[in-house]
Amino acid sequence: MQPFTAMVISIIHSIPPGKVMTYGQVAREAGSPRAARQVVRILHSSSEKHGLPWHRVVNVRGEIALQDDESRFLQKMYLEHEGVQVHEDGHIDLKVYQYIPSHTG
DNA sequence: GCCATGGCTAGTA
DNA sequence: GCCATGGCTAGTA
């Protein structure tokens, strides 16, 4: 596995229940600010294999970005189960729920 | 070539 | 809505 991929997987694993990160934010934390789409690709291909909390990643506007209805429903359900309020249109208030990792350690 | 982005702008009101 | 972006992989030679 490539270092960037390992970083992304580790970062996504670190998102606590009830919090979310954005694709671009994960990319920045992994050291590649413009690699948001690569984060998408990793989620797409490695979520199951690595047991990633894939439902805790949303786009920069706080929206569920998945395409198909079944996955959207599943993501909404998982998030609400963790106490995240998902509005009817599938958006989340990032001001409340975005996870900001501390870099002090 | 993939991809579940993101930042910008044009167009509307 | 458009389109530049980028790490990775499948597919070809």
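Letters A, B, ... mirror the listed sequences (proteins, then strands); counts begin at 1.
Put simply, A/T5 has a side-chain N or O that comes within less than 4.0 Å of OP1 or OP2 on C/dC8. Between C/dG7 and A/S32, a contact under 4.0 Å exists linking OP1 or OP2 to a side-chain N or O. Not one side-chain nitrogen or oxygen of A/R41 sits closer than 4.0 Å to the OP1 or OP2 atom of C/dG7.
Note that NE2 of A/H87 is 10.0 Å distant from NZ of A/K76, once rounded to the nearest 0.5 Å.
Base contact: A/Y23 has a heavy atom under 4.0 Å from a base atom.
In this entry the distance linking NE2 of A/H55 with P of B/dA4 reads 19 Å, nearest Å. To the nearest angstrom, C1' of B/dA4 lies 12 Å from CZ of A/R61. The separation between A/F4 atom CZ and B/dC3 atom P is 17 Å, rounded to whole Å. Atom pair A/H44:NE2 and C/dA10:P shows a separation of 13 Å (rounding to whole Å applied). One interatomic measurement links the two molecules: NE2 of A/H50 to P of C/dC8, which rounds to 13 Å at whole-angstrom precision. Rounded to a whole Å, the CD atom of A/E63 is 10 Å from the P atom of B/dG6. If you take CD1 of A/I42 and C1' of C/dG7, they are 7 Å apart, rounded to a whole angstrom. Protein atom CD of A/Q38 is 14 Å distant from nucleotide atom P of B/dG6, rounded to whole Å.
Taking the charged nitrogens against the carboxylate oxygens, A/E82 and A/K19 have no contact shorter than 4.0 Å, which rules out a salt bridge.
C/dT9 is unpaired under the Watson-Crick or G-U wobble criterion, no partner having all donor-acceptor distances under 3.5 Å.
Smallest separation of non-hydrogen atoms from A/H13 and A/P53: CD2-CD, 4.0 Å.
Side-chain atoms of A/H91 and A/D89 form a donor-acceptor pair, as typed in the model, at a separation below 3.5 Å.
Listed nucleotides B/dT5, C/dG7, B/dG6 differ in distance to A/V60; the shortest reach to its side chain belongs to B/dG6. If you check C/dC8, C/dG6, B/dA4 against the side chain of A/Q2, the one that comes closest is C/dC8. Nearest to the side chain of A/A36, among B/dG6, C/dG6, B/dA4, sits B/dG6. Checking B/dG6, C/dC8, C/dG6 against every side-chain atom of A/N59, the shortest atom distance belongs to B/dG6.
A tilted orientation is assigned to the rings of A/Y78 and A/H55, their planes being inclined by 30° to 60°.
Positionally, the nearest nucleotide of DNA chain B for A/W54 lies more toward the 5' end than for the other of A/R28 and A/W54.
A donor N or O paired with an acceptor N or O is found under 3.5 Å between the base of B/dT5 and the side-chain atoms of A/R37.
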